[in-house]
Enquirer: 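Got a structure for you, questions after.
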Amino acid sequence: MADPIYRAPKGTHDVLWPESARRRALVAVFADIVEAAGYTEVVPPMFEHVEVFRRLGDATDVVRKEMYEFEDRGGRHIALRPEQTASIVRSFGEHRPTLPWKAWYAGPNFRYERAQKGRFRQFDQVGIEALGPEDPHLDAEAIATAWRFYESLGLQQVTLLINSLGGPEDRANYIAALHGHFASDLGSLSEESRSTLATNPLRVLDSNRPEDADLIAAAPDMLDHLSADAAAHFDQVQAALTGLEIPFTIQPRLVRGLDYYVRTTFEFTSGAFDAAQNAIGGGGRYDGLAEAMGAPATPGVGFALGVDRTLMACDAEGAFEATSSTVDVFVVDTTGGEAALLITDELRRAGISADRAWDGRSMKSQMRAADRSGAAIAVIVGDDEAESGTASLRDLRGDAGQDTVQRSSITETLLARLK
RNA sequence: GUGGCCGUAGCUCAGUUCGGUUAGAGCACCUGGUUGUGGUCCAGGGGGUCGGGGGUUCAAAUCCCCUCGGUCACCCCA
């Protein structure tokens, strides 16, 4: 292997064609769906003042220990974004668009973590954020938008999990109840979970440790601690999803890692691939976040979907396969290359994609390149054609053979044949 | 941050157990067979500091130590 200096940094990788084309296509599908629902694109910066992300909560690991932070040359304390919701909400506070504001985004995020399957230090997400309405139908619309996106990709093994964390007070009550429960049998809890209990009690419910399983199973139910308001909101979200015929599973143990969520939370998991990281998307309500960021108090709901993990799910299901786009025409020129230069330029200006060979290779070599390019037709200029001011057009895919046309009519002839 | 497994040509791997002639295969790439014509076939060719460093030894891809990287899991999350 090459010197480590010349490798992509840990947890990052280059996306080469055709996978790069597939990713672009996936984002295009997402853009079509969300724009058809009235969402408009926002392109926030990839880094922000650290404080923007600190507002996400001190107990959030993403903020506490996973941020790429640095001081820039002007002494500003900057962090690469670990997620985009904070940036979008910051942008909302800065520009104060009219409500409701329905925004979508796509792009990379950065978290300093140990890489594993489906988890990288740079990873792409697509997502939406809707600020303004408290309407439970908006929660349902957001969920449905993600669901339709997965459907459009051809995914069939996606499961929707939903839960309600209640309002801030409900949450506090529930946390107190959790403390009581776990305190009753602290000794049987794993050491790690005991420390998690101190910093972020809800997340103990997320532990994957076998020794915690029994105690977690016996833990009080979050849904029993909802206020009448929150319970009604959650009921309406469920009714809306039922009306939309979107299947869901209520998962009272669903705790999401970002601390700003209140009321509705949801997560999409794939049953198609075997990995610990099977959550391919998630989101929820964050009614207090705008205010926490210094903007006018404004409710909001949104989600982020992991592009890498969604593509893993597609791989596992054989869905949304990469399409191999190729050029239409390949120009073979054994007379020095200037003919190829001029002909490819003429073809491209006429809307015909065209490539050629370089370095004055032999006819055989150039024909091999023509074949590999995937082009349907080869335009051949050898000594004979150069002398007579013509070009030979050879069918590379069918059995139409080869014929000769005047140089001046190459483009016109190809336009007709490529229809 | 913690632990398991793994690093040999561009790719997929053999060789490592029990150290020993110039380190191999398939695919890919290049050239030629075909003095202008690809996809099949045949022949030839280029390409490796065996991840890196140190050690043991007459001798290390092979044994030992360290290190870097990859991968999977925990933590956490998309």
Side-chain angles (χ1 to χ4, degrees), chain A residues 1-13 16 59-66 82-85 106-127 146 190-193 195-196 199-200 203-204 206-212 255-259 267-270 274-283 303-313 330 332-335 357 359 361-387 392-399 401-402:
Chain A
M1 293 297 115
D3 186 324
I5 292 172
Y6 302 118
R7 304 172 60 105
K10 197 179 181 71
T12 69
H13 50 94
L16 305 183
T60 306
D61 276 19
V62 166
V63 174
R64 214 173 70 234
K65 57 181 191 184
E66 295 176 3
E83 57 123 57
Q84 292 177 69
T85 302
N109 304 302
F110 309 86
R111 294 181 193 172
Y112 188 85
E113 319 180 78
R114 278 281 282 265
Q116 70 183 76
K117 190 167 192 176
R119 195 181 69 185
F120 313 104
R121 289 186 171 180
Q122 176 177 331
F123 61 99
D124 281 355
Q125 287 183 329
V126 294
S190 67
E191 195 183 322
E192 290 85 349
S193 287
S195 80
T196 304
T199 54
N200 196 335
R203 210 165 314 117
V204 174
D206 255 350
S207 169
N208 285 333
R209 296 167 196 291
E211 63 264 41
D212 296 337
V255 175
R256 301 196 36 79
L258 288 319
D259 292 342
E267 190 166 292
F268 300 94
T269 62
S270 169
D274 184 30
Q277 318 298 336
N278 68 344
I280 58 176
F303 64 70
L305 313 181
V307 170
D308 310 86
R309 289 188 190 174
T310 299
L311 286 170
M312 281 169 60
F330 196 94
V332 170
D333 172 8
T334 58
T335 66
D359 294 333
R361 306 256 189 172
S362 69
M363 174 71 74
K364 177 178 181 136
S365 172
Q366 292 195 44
M367 285 302 294
R368 263 202 282 256
D371 184 55
R372 266 196 305 249
S373 77
I377 298 172
V379 173
I380 301 166
V381 179
D383 291 334
D384 296 348
E385 288 86 350
E387 205 167 306
S392 294
L393 307 185
R394 182 175 179 82
D395 179 23
L396 294 172
R397 296 292 157 244
D399 48 12
Q402 180 171 328

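Since the model is a prediction, treat every value here as computed from it, not as a measurement. Each chain gets a letter, A, B and so on, in the order the sequences are listed, and its residues count up from 1.
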Enquirer: Base, sugar-phosphate or nothing for A/A370? Non-hydrogen atoms, less than 4.0 Å.
Expert: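 A/A370: no heavy atom of the nucleic acid under 4.0 Å.
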Enquirer: Please work out if A/G11 contacts a base, only the sugar-phosphate, or nothing of the nucleic acid, heavy-atom cut-off 4.0 Å.
Expert: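 Sugar-phosphate contact only - A/G11 comes under 4.0 Å of backbone atoms but never of a base.
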Enquirer: Assess whether side chain to side chain contact (heavy atoms under 4.5 Å, CB included) is satisfied between A/R111 and A/F123, documenting all intermediate values.
Expert: CA-CA 8 Å; A/R111 294 181 193 172; A/F123 61 99; 3.5 Å; yes
Enquirer: Does a donor on one side chain and an acceptor on the other come within less than 3.5 Å for A/S392 and A/E385?
Expert: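 Note: A/S392 and A/E385 side chains meet the donor-acceptor criterion.
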Enquirer: So, for A/T334 and A/G382, which heavy atoms are closest and what is the spacing to 0.1 Å?
Expert: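 Closest approach of A/T334 to A/G382: OG1-CA, 3.4 Å.
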Enquirer: Expressed in whole Å, how much space separates the C1' atoms belonging to B/C72 and B/U62?
Expert: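 Between the two C1' atoms, the distance is 26 Å.
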Enquirer: For B/C77 and A/R203 - does any side-chain N or O of the residue sit under 4.0 Å from the phosphate oxygens OP1/OP2?
Expert: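 Answer yes for this pair, as a side-chain N or O of A/R203 is under 4.0 Å from OP1 or OP2.
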Enquirer: Salt-bridged, A/D371 to A/R397, with N to O below 4.0 Å?
Expert: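 The answer is yes: the pair qualifies as a salt bridge.
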Enquirer: Could you identify the nucleotide paired to B/U2, looking across every strand shown and requiring Watson-Crick or G-U wobble geometry with both distances under 3.5 Å?
Expert: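 By the stated definition (distances under 3.5 Å), B/A73 pairs with B/U2.
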Enquirer: With rounding to whole Å, what would you report as the distance between B/G48 and B/U22 at their C1' atoms?
Expert: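 After rounding to an integer number of Å, I get 14 Å for this pair.
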Enquirer: Just to be sure I understand the rule, does A/G118 reach a base, reach only the sugar-phosphate, or reach nothing, if contact means heavy atoms closer than 4.0 Å?
Expert: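 Base contact.
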Enquirer: Quick one: closest heavy-atom pair of A/G282 and A/F268, and the distance?
Expert: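 That closest heavy-atom pairing would be N-CD1, 4.4 Å.
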Enquirer: May I ask which nucleotide in the shown strands pairs with B/G24, Watson-Crick or G-U wobble, both distances under 3.5 Å?
Expert: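 Looking at the geometry, B/G24 pairs with B/C13.
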Enquirer: Take atom CG of A/D124 and atom C1' of B/C77, then tell me their distance rounded to the nearest Å.
Expert: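 Checked: the CG to C1' distance equals 16 Å.
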Enquirer: Reading nucleotides 36-42 of chain B from the 5' end, what letters show protein touch, with B for base, S for backbone sugar-phosphate only, - for no heavy atom under 4.0 Å?
Expert: BBBS---
Enquirer: Please give the distance between the C1' atoms of B/C63 and B/A43 as a whole number of Å.
Expert: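 Straight-line distance between the two C1' atoms is 42 Å.
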